[in-house]
Amino acid sequence: MRALLADVWASPTGRIGMVLTAAILLFITFGPLVTPNPNLLAVQAKFLPPSLAHPMGTDNLGRDLLARAAQGTRAAVLIAVAVVALSSVIGALLGVIAGLLGGWIDRAILIIFDIISAYPPVILAMGIVALYGTGASNLLLVVTILFLPQFGRMARAQTLSLRNQPFVDAERILGLGTARLVTRHLLPNVVGPLIVLASMNVPVVITIEAGLSFLGLGVQPPQASLGTLIKDGYIYLDQSWWPTIGAAAILAITTLGATLFGEALRDASDPKRKGGFQ
């Protein structure tokens with residue numbers, strides 16, 4: 001891992017991605033600790049421009065925008081990490097099972113992946129929200145389902161390339177059970193590509209979370225989200241443009257840093273691309 005991060009740092013774009021990612025992690029870790037209560041109302045101080053007291057200004061209810069941006073960014077990052085973790089674990093298990101067992105089980109799992117991929121994300125989100133309601137937990141469920149096919153297909157492809165390898169045949173001859181074979185040999189060999197894919201999907205999940213929250217399908221008030229901050233700022237854009245600009249800038253920095261870091265990590269883990277860092 002240390003050598004991999006060194007290769008990422010050797011890339012100019014990877015260096016930018018690491019710096020931006022580190023800055024966002026510091027922001028979501030210490031921002032809520034040093035800023036006021038993000039839900040504290042002060043209507044008499046609404047739409048204040050940036051100042052020492054309120055570095056990003058205030059919104060239509062006088063709430064500190066820096067505090068709400070820190071809360072919203074933390075929520076976005078935590079949801080993205082949880083989604084990527086859940087979808088990668090579940091997708092990897094399904095993909096490994098499909099690739100190892102084959103036959104009708106393989107076809108059934110692929111059909112499920114195809115069905116999920118066939119639905120536009122917003123339509124699928126609206127359907128699940130209509131059944132179970134809005135909220136962060138349902139948002140987590142929606143986006144996790146959306147990303148299952150990506151991880152499942154990659155795990156299946158890796159398993160298909162491994163299941164006929166000599167070491168797998170040797171373990172089978174020695175009597176190693178299917179469950180032990182999966183946990184001891186197949187899953188460890190597919191973890192690397194899945195980590196790279198997960199790192200590249202984090203900014204995508206953050207963007208989807210912001211978009212669904214903007215539409216009212218994600219994080220609900222009074223909990224802050226970058227999407228709801230942009231939406232609230234857009235409603236009062238004729239009175240103050242600080243809320244929209246601030247939240248949009250933080251969303252752009254967060255996704256840019258995660259994207260550059262993910263792409264550099266992908267390149268560093270691919271021997272064919274390492275020449276590009278020279």
Side-chain angles (χ1 to χ4, degrees), residues 20-21 23-83 121-122 125-126 128-143 202-258:
L20 292 179
T21 301
I24 290 298
L25 292 178
L26 290 174
F27 179 59
I28 65 175
T29 301
F30 297 104
L33 301 178
V34 300
T35 54
N37 183 351
N39 297 321
L40 181 63
L41 303 181
V43 180
Q44 71 279 5
K46 66 178 181 179
F47 297 133
L48 291 180
S51 63
L52 291 178
H54 305 285
M56 287 181 60
T58 60
D59 65 2
N60 60 302
L61 296 177
R63 295 172 294 190
D64 185 80
L65 283 173
L66 181 63
R68 291 186 64 75
Q71 184 187 54
T73 307
R74 172 184 280 187
V77 172
L78 290 179
I79 289 174
V81 171
V83 165
V122 175
M126 287 182 176
I128 295 178
V129 167
L131 290 174
Y132 302 106
T134 58
S137 58
N138 290 333
L139 175 65
L140 181 64
L141 172 65
V142 170
V143 187
V202 167
V204 181
V205 177
I206 292 175
T207 304
I208 291 176
E209 182 276 328
L212 293 176
S213 296
F214 182 90
L215 295 174
L217 303 176
V219 176
Q220 299 297 301
Q223 177 72 27
S225 166
L226 293 177
T228 57
L229 290 179
I230 295 173
K231 178 183 178 180
D232 293 342
Y234 177 77
I235 294 174
Y236 298 99
L237 194 60
D238 58 335
Q239 300 182 55
S240 175
W241 52 273
W242 294 110
T244 299
I245 295 298
I250 292 177
L251 177 61
I253 292 172
T254 303
T255 54
L256 176 63

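Counting begins at 1 with the first residue of the sequence.
Every residue was checked against the side chain to side chain donor-acceptor pair (under 3.5 Å) condition with T228, not counting sequence neighbours, and none meets it.
Closest non-hydrogen pair, A75 versus Q223, comes out as CB-NE2, 4.1 Å. Minimum interatomic distance between L251 and A210 (heavy atoms only, all atoms of both residues): CD2-CB, 4.0 Å. The two residues L139 and G218 make their nearest non-hydrogen contact at CD2-CA, 4.0 Å. Closest approach of L66 and F27 over heavy atoms only: CD1-CE1, 3.7 Å. Nearest heavy atoms, P55 versus P50: O-CB, 3.2 Å. Closest approach of A80 to I206, counting heavy atoms only: CB-CG1, 3.6 Å.
In this structure, CG in N138 is found 11.5 Å from CG in L212, a value given to the nearest 0.5 Å. The distance from atom CG of L256 to atom OG1 of T21, rounded to the nearest 0.5 Å, is 9.0 Å. Going from atom OG1 of T35 over to atom CZ of F30 covers 13.0 Å, rounded to the nearest 0.5 Å. Taking CZ from R68 and OG from S225, the interatomic distance works out to 9.5 Å, rounded to the nearest 0.5 Å. Here the CD atom belonging to Q239 is positioned 8.5 Å from the CG atom belonging to N60, to the nearest 0.5 angstrom. Atoms CG and CD1, on L65 and I250 in that order, are 9.0 Å from each other to the nearest 0.5 Å.
Checking V142, I79, L78 one by one against E209, the side-chain contact (heavy atoms from CB on, under 4.5 Å) holds for a single residue, I79.
At distances below 3.5 Å, at least one donor-acceptor pair connects side-chain atoms of T58 with backbone N or O atoms of A45. Between the side chain of T255 and the main chain of P203, no donor-acceptor pair closer than 3.5 Å is present. Between the side chain of R63 and the backbone N or O of P38 there is no donor-acceptor pair closer than 3.5 Å.
Summarising the local packing, OH of Y236 is surrounded by 12 or fewer heavy atoms from other residues, nucleotides or ligands at distances under 6.0 Å.
By the 4.5 Å heavy-atom criterion applied to side chains, L40 and D64 are not counted as neighbours.
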